[in-house]
Peer 1: 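This structure is in structure tokens; I'll ask about it shortly.
All of these numbers come straight from a predicted model, not from anything done at the bench. Just so it is clear, the values below take in all heavy atoms, side chains as well, and ignore hydrogens, waters and symmetry mates. Chain naming here is simple, since letters A, B, ... match the order of the sequence lines and numbering starts at 1 in each.
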There are 2 protein chains.
Amino acid sequence: MSDIKIEKNAYHHGNLGARLIELGLEVLEIEGAEALSLRELAKMAGVSKTAPYRHFENKEIFLASLADEGFRLLYKDLLNARGNEPGSIGRMGKAYMAFAVSHPALYRLMSSSLLNRMPDSFKVWARKTLVLLSNTLDGVQNDENLPLNLHDTTAIWAYIHGLVLIRIDGLYPQDLNQPDWEQLAGTAFVLPSKTS
Amino acid sequence: MSDIKIEKNAYHHGNLGARLIELGLEVLEIEGAEALSLRELAKMAGVSKTAPYRHFENKEIFLASLADEGFRLLYKDLLNARGNEPGSIGRMGKAYMAFAVSHPALYRLMSSSLLNRMPDSFKVWARKTLVLLSNTLDGVQNDENLPLNLHDTTAIWAYIHGLVLIRIDGLYPQDLNQPDWEQLAGTAFVLPSKTS
DNA sequence: TTGCCTAGTTGGCACTGCCAACATTATTCG
DNA sequence: CGAATAATGTTGGCAGTGCCAACTAGGCAA
């Protein structure tokens with residue numbers, strides 16, 4: 001809240017919108033979502049308190065932009081983890097977990113009810129992520145295809161999503177032995193529907 | 001926000017703490033978590049703006065109390081769904097989904113990072129719920145026992161938790177055919193670890 | 001009766017999102 | 001080139017919030 005540098009700039013910042021997203025991600029990681037105010041971000045960017053409204057209609061839309069950016073980053077990590085050899089699904093599970101653990105506040109934002117209220121243009125990367133999961137499941141490497149098996153994909157996504165949230169939200173009782181989160185994330189991808 | 005009755009009462013309300021929880025649950029369902037302010041609840045209860053602070057140290061603690069109450073209600077529903085015959089795990093999955101769908105804002109609050117920052121006294125019912133799930137899995141009917149198989153229980157909890165959140169947060173792309181959520185919730189309980 | 005304790009009151013501060021009106025710079029086009 | 005115009009920022013201000021400090025009303029016990 002106090003030791004974050006304040007920028008000084010010309011009248012026209014040049015790229016305030018993008019800069020606010022960057023700063024927003026920082027604040028999110030360091031101080032959490034509750035501490036994130038547009039006014040403070042504006043101050044950090046060295047700009048007046050209402051300048052952000054020239055780039056984002058309101059706070060909710062700003063947060064939704066942050067969430068979309070989060071899905072872009074997650075997508076990148078998952079793509080990276082996939083590689084070519086078999087077992088990629090397991091690696092993607094671990095990458096998914098790793099992402100959420102290193103950006104907990106961002107991941108929480110991504111999985112809030114925010115995007116629910118937004119037009120599809122804010123769900124570009126969320127959707128791509130789902131498709132990536134689905135295609136990997138089906139052994140498809142072309143990410144532009146439409147997903148084939150959405151039922152199973154949903155089950156698997158739900159599993160890793162819930163696992164990650166239980167962990168980062170500290171829902172698991174602290175006085176019990178913690179489960180092996182990494183291992184659970186790696187074996188995430190056994191299909192319920194294939195065994196029932 | 002406007003058509004909610006305001007109560008008139010004597011100086012000493014008698015049970016303001018409990019009344020605020022009730023009103024909080026109402027506001028949560030009707031207007032969502034963002035619209036919930038202690039000041040408005042106080043007004044609804046016919047009491048001055050800072051009276052709530054005599055019962056809850058701060059807003060976060062009030063919200064945590066709401067979340068705990070939520071787990072109590074969920075626990076009750078799950079216990080009800082369990083019954084005695086086999087297949088109870090599937091019924092509990094559906095009951096879990098039904099609870100979240102009819103109290104989405106409350107469920108979101110229950111699964112926020114709030115409880116993370118609270119002492120264990122706010123996690124009484126969250127813990128009981130986990131134990132109930134675990135014991136049902138193991139075929140144990142005595143809910144006072146310690147859970148046996150926390151690894152599998154965590155996996156299953158993660159699955160239903162994630163499924164429910166994906167649904168109520170509208171994370172699933174709206175333009176795709178929606179999966180059969182009920183069916184997914186009912187077949188939630190296939191153990192990953194038993195098939196890998 | 002006295003006096004304490006609990007529950008509730010009023011006033012106020014610092015902060016927030018966001019609106020209206022205005023100022024400055026950049027861009028486009030006659 | 002110069003002027004209109006659009007894009008981007010600025011200031012002042014409003015209503016709402018959480019929460020603090022100081023005060024008060026009423027119930028209960030000694």
Peer 1: With a cut-off of 6.0 Å (strictly less than), are more than 12 heavy atoms of other residues, nucleotides or ligands near CG of A:D175?
Peer 2: yes
Peer 1: Between A:E60 (CD) and C:dT16 (P), how many Å, whole number?
Peer 2: 18 Å
Peer 1: Judged by each residue's nearest nucleotide on DNA chain D, which is more toward the 5′ side, A:R39 or A:A51?
Peer 2: A:A51
Peer 1: Tell me whether the OP1 or OP2 atom of C:dG8 has a side-chain N or O from B:H55 closer than 4.0 Å.
Peer 2: yes
Peer 1: Nearest nucleotide by nearest heavy atom, which residue falls closer to the 5' end of DNA chain C, A:A35 or A:T50?
Peer 2: A:A35
Peer 1: How is A:S37 classified with respect to the nucleic acid when contacts are heavy atoms under 4.0 Å: base, sugar-phosphate, or nothing?
Peer 2: sugar-phosphate
Peer 1: Check the distance between D:dA15's P and B:E40's CD and give it to me in whole angstrom.
Peer 2: 17 Å
Peer 1: Going by modelled atom types, is there a donor-acceptor pair between the base of D:dG12 and the side chain of A:K49 at under 3.5 Å?
Peer 2: yes
Peer 1: Classify the side-chain pair B:W157/B:Y96 by whether it contains a donor and acceptor separated by less than 3.5 Å.
Peer 2: yes
Peer 1: Any donor-acceptor pair under 3.5 Å linking the side-chain atoms of B:H161 with those of A:Y159?
Peer 2: no
Peer 1: Starting from C1' on D:dA25, measure out to CG on B:L16 and report it in whole angstrom.
Peer 2: 16 Å
Peer 1: Measure the spacing between CE of B:M110 and CZ of B:F99 and express it to the nearest 0.5 Å.
Peer 2: 4.5 Å
Peer 1: Rounded to the nearest angstrom, tell me the gap between atom CZ in A:R19 and atom P in D:dT8.
Peer 2: 18 Å
Peer 1: Find the distance B:L41:CG to D:dT17:P and express it as a whole number of Å.
Peer 2: 10 Å
